[in-house]
2 protein chains.
Amino acid sequence: MDKREIILSVAMKLFGQKGFEGTSVRDIASGAGVNIAMISYYFGSKEKLFESVVEYKSSGMKMIVAELENSSVSSIEKIDRIIDSYIERMFSTPQFHHLLHRELSLDHRPQMHDAITEILLRNVVTIKSILQKGIESGDFKNVDPELTIATLIGTISHLLISETMCRKILQKGKDFNPFQSKKLKERVSEHLKQLMRSHLLESAKA
Amino acid sequence: MDKREIILSVAMKLFGQKGFEGTSVRDIASGAGVNIAMISYYFGSKEKLFESVVEYKSSGMKMIVAELENSSVSSIEKIDRIIDSYIERMFSTPQFHHLLHRELSLDHRPQMHDAITEILLRNVVTIKSILQKGIESGDFKNVDPELTIATLIGTISHLLISETMCRKILQKGKDFNPFQSKKLKERVSEHLKQLMRSHLLESAKA
DNA sequence: TTAAATTAATTAAACGTTTGTTTAATTTCA
DNA sequence: TGAAATTAAACAAACGTTTAATTAATTTAA
């Protein structure tokens with residue numbers, strides 16, 4: 001593998017685990033097995049490396065959502081697919097999503113803020129449009145589209161953190177485990193799909 | 001106001017805005033208008049100051065939830081009150097919740113991790129019990145309790161971040177604003193209550 | 001009620017580390 | 001031979017923390 005890519009993936013892992021300020025350039029260099037000067041050599045600076053990580057990892061985030069908008073499946077089916085698509089992506093790279101949300105909750109690095117915002121908003125616009133078309137066509141009840149999106153993404157996002165929480169607790173040997181049974185991803189998928197059906201469809205159809 | 005308290009609230013503000021590593025002891029000292037040595041003098045270290053901030057702010061987080069559990073109101077009414085209670089608290093101190101969730105998404109400072117986990121889990125246990133009783137008594141449908149909680153908290157939590165996002169966008173003068181109309185808090189309350197009614201109650205009752 | 005004694009609060013300065021970055025020399029490879 | 005890749009070493013700046021001296025406040029004793 002290219003040394004540049006090794007640096008990128010090590011940086012992504014460490015930024016995800018310990019945050020931007022919490023990760024030193026020396027950590028990254030030794031983790032990637034390269035000399036510390038190679039980071040400036042390849043990326044210019046620590047901050048530019050961070051931006052490269054975001055760009056690098058988010059390029060793999062292009063979603064089915066865009067293609068979905070004008071496809072011929074039913075409105076509720078579109079929602080189902082969005083749910084599974086988000087679950088799949090967010091659970092497969094939890095560290096990266098930790099990184100994105102952490103950066104959004106911070107006040108400095110406004111440039112990075114904007115870049116991440118733009119990434120996350122891409123899909124939001126599409127999903128909003130799907131919801132609105134569903135409402136207009138009478139497929140969906142007259143719900144609040146933006147807040148419905150917040151519920152979808154927020155539920156998954158919160159679970160990524162909760163899971164971390166629970167793992168910590170289990171390691172400490174306490175006896176409370178909210179995520180015992182069944183595979184978590186399937187559970188979330190089932191929960192969100194049921195939730196959205198109750199939320200979006202008329203009772204008669206439920 | 002006590003100088004100790006001034007330091008605590010300045011520290012809470014800065015940790016909330018810039019994160020733990022992103023905030024220097026000198027920032028806090030000058031923000032509070034005290035000598036830099038006072039932080040060691042009062043709190044021992046930067047890390048202990050951080051722990052004090054969490055303890056200080058979370059002591060004000062005792063919820064109505066606990067009292068609610070054995071009260072005589074209906075099951076769905078309990079959920080309504082929990083929703084409003086969470087909205088009120090999380091929107092009134094968004095920085096502190098940013099701080100909590102950011103810390104949870106990080107891998108170091110396991111001790112702090114555990115302290116925050118414990119704070120957040122207090123209410124979760126109670127809400128779970130309310131949901132389970134509602135299910136057993138037939139008031140609620142047979143939903144997934146833990147994931148329902150994730151939806152409640154996750155929706156609000158995600159909105160705190162989304163709002164930040166939107167403010168950034170608006171400053172940049174773009175034309176997309178997902179949170180135009182009406183006061184956000186009321187909107188969220190209405191959305192979540194409707195959502196939970198569809199989710200928890202039988203169609204007949206809806 | 002004073003004056004001395006004692007403790008607490010506050011300060012400026014310095015400490016040793018660690019930080020991100022750069023330099024200048026060397027190796028690698030085409 | 002020449003450009004690209006890699007290195008060890010050094011850089012100044014910022015970091016959290018400590019020191020030792022000074023001022024303020026409180027307690028004790030006459």
Side-chain angles (χ1 to χ4, degrees), chain A residues 1-57 99 102-103 106-113 115-116, chain B residues 1-57 99 102-103 106-113 115-116:
Chain A
M1 205 207 273
D2 194 335
K3 282 204 174 180
R4 222 188 93 100
E5 283 194 354
I6 298 178
I7 295 174
L8 276 173
S9 70
V10 169
M12 134 76 182
K13 186 182 128 206
L14 292 178
F15 284 146
Q17 286 175 342
K18 322 204 283 176
F20 180 76
E21 282 85 4
T23 304
S24 75
V25 177
R26 282 170 179 80
D27 283 343
I28 299 170
S30 80
V34 303
N35 187 277
I36 191 182
M38 298 306 286
I39 276 136
S40 296
Y41 181 74
Y42 278 126
F43 300 95
S45 69
K46 185 189 179 185
E47 188 147 346
K48 282 179 190 162
L49 167 60
F50 187 75
E51 291 169 20
S52 298
V53 166
V54 172
E55 195 180 354
Y56 174 67
K57 283 287 167 181
L99 183 152
R102 200 184 303 136
E103 195 62 23
L106 292 173
D107 229 12
H108 38 216
R109 293 190 290 279
Q111 186 180 345
M112 185 47 46
H113 215 117
I116 293 174
Chain B
M1 206 208 270
D2 193 335
K3 282 204 174 180
R4 222 187 94 101
E5 283 194 354
I6 297 178
I7 294 174
L8 276 173
S9 71
V10 169
M12 135 76 182
K13 186 183 127 206
L14 292 178
F15 285 146
Q17 285 175 344
K18 321 206 283 175
F20 181 76
E21 282 84 6
T23 304
S24 75
V25 178
R26 283 170 179 82
D27 284 343
I28 300 170
S30 79
V34 302
N35 188 278
I36 193 183
M38 298 306 286
I39 275 135
S40 296
Y41 181 74
Y42 277 126
F43 300 95
S45 70
K46 184 189 179 184
E47 188 147 348
K48 282 179 189 163
L49 168 60
F50 187 76
E51 291 169 19
S52 298
V53 167
V54 172
E55 194 181 354
Y56 174 68
K57 283 287 168 183
L99 183 153
R102 199 184 304 136
E103 194 64 21
L106 293 173
D107 229 13
H108 37 215
R109 293 190 290 281
Q111 185 181 344
M112 184 48 45
H113 217 117
I116 294 174

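Computed over heavy atoms, backbone and side chain alike; hydrogens, waters and symmetry mates excluded. The sequence lines fix the lettering, A, B, ..., with proteins before strands; numbering per chain opens at 1.
Remark: P of C:dA14 and CZ of B:Arg26 are 13 Å apart, rounded to the nearest angstrom. Atoms CD1 (B:Ile36) and C1' (C:dC15) sit 12 Å apart, rounded to a whole Å. To the nearest angstrom, P of D:dC15 lies 13 Å from CZ of B:Phe20. Atoms CE (A:Met38) and P (C:dT23) sit 17 Å apart, rounded to a whole Å. Look at NZ on A:Lys3: it is 7 Å from C1' on D:dT6, rounded to the nearest Å. One interatomic measurement links the two molecules: CD1 of A:Ile28 to P of C:dG20, which rounds to 8 Å at whole-angstrom precision. Between the CG atom of B:Asp2 and the C1' atom of C:dA8 there is a distance of 13 Å, rounded to whole Å.
Looking at B:Lys3, its side chain never comes within 3.5 Å of a backbone N or O of B:Gly33 through a donor-acceptor pair. The main-chain N or O of B:Phe15 is found under 3.5 Å from a side-chain atom of B:Arg102 such that the two form a donor-acceptor pair.
For C:dA9, neither phosphate oxygen OP1 nor OP2 lies less than 4.0 angstrom from any side-chain nitrogen or oxygen of B:Asn35.
One finds the CD1 atom of B:Ile7 at 12.0 Å from the OH atom of B:Tyr56 (value rounded to the nearest 0.5 Å). One finds the CD atom of A:Glu51 at 9.5 Å from the CD1 atom of A:Ile116 (value rounded to the nearest 0.5 Å). Distance check: B:Leu99 CG to B:Lys13 NZ gives 14.0 Å after rounding to the nearest 0.5 Å.
The stretch residues 41-50 of chain B touches DNA chain C through B:Tyr41, B:Tyr42, each having a heavy atom under 4.0 angstrom from the strand.
Within the nucleic acid shown, B:Ile39 has no heavy atom closer than 4.0 Å to any nucleic acid atom. If you check every strand for non-hydrogen atoms under 4.0 Å, B:Ser40 touches a base.
Taking 4.5 Å as the limit, every side-chain heavy atom of B:Leu8 sits out of range of all side-chain heavy atoms of B:Asp2.
Closest to the side chain of B:Ala37, out of C:dG20, C:dA12, D:dC15, is C:dA12.
Taking the charged nitrogens against the carboxylate oxygens, B:Glu21 and B:Arg109 do have a contact shorter than 4.0 Å, which makes a salt bridge.
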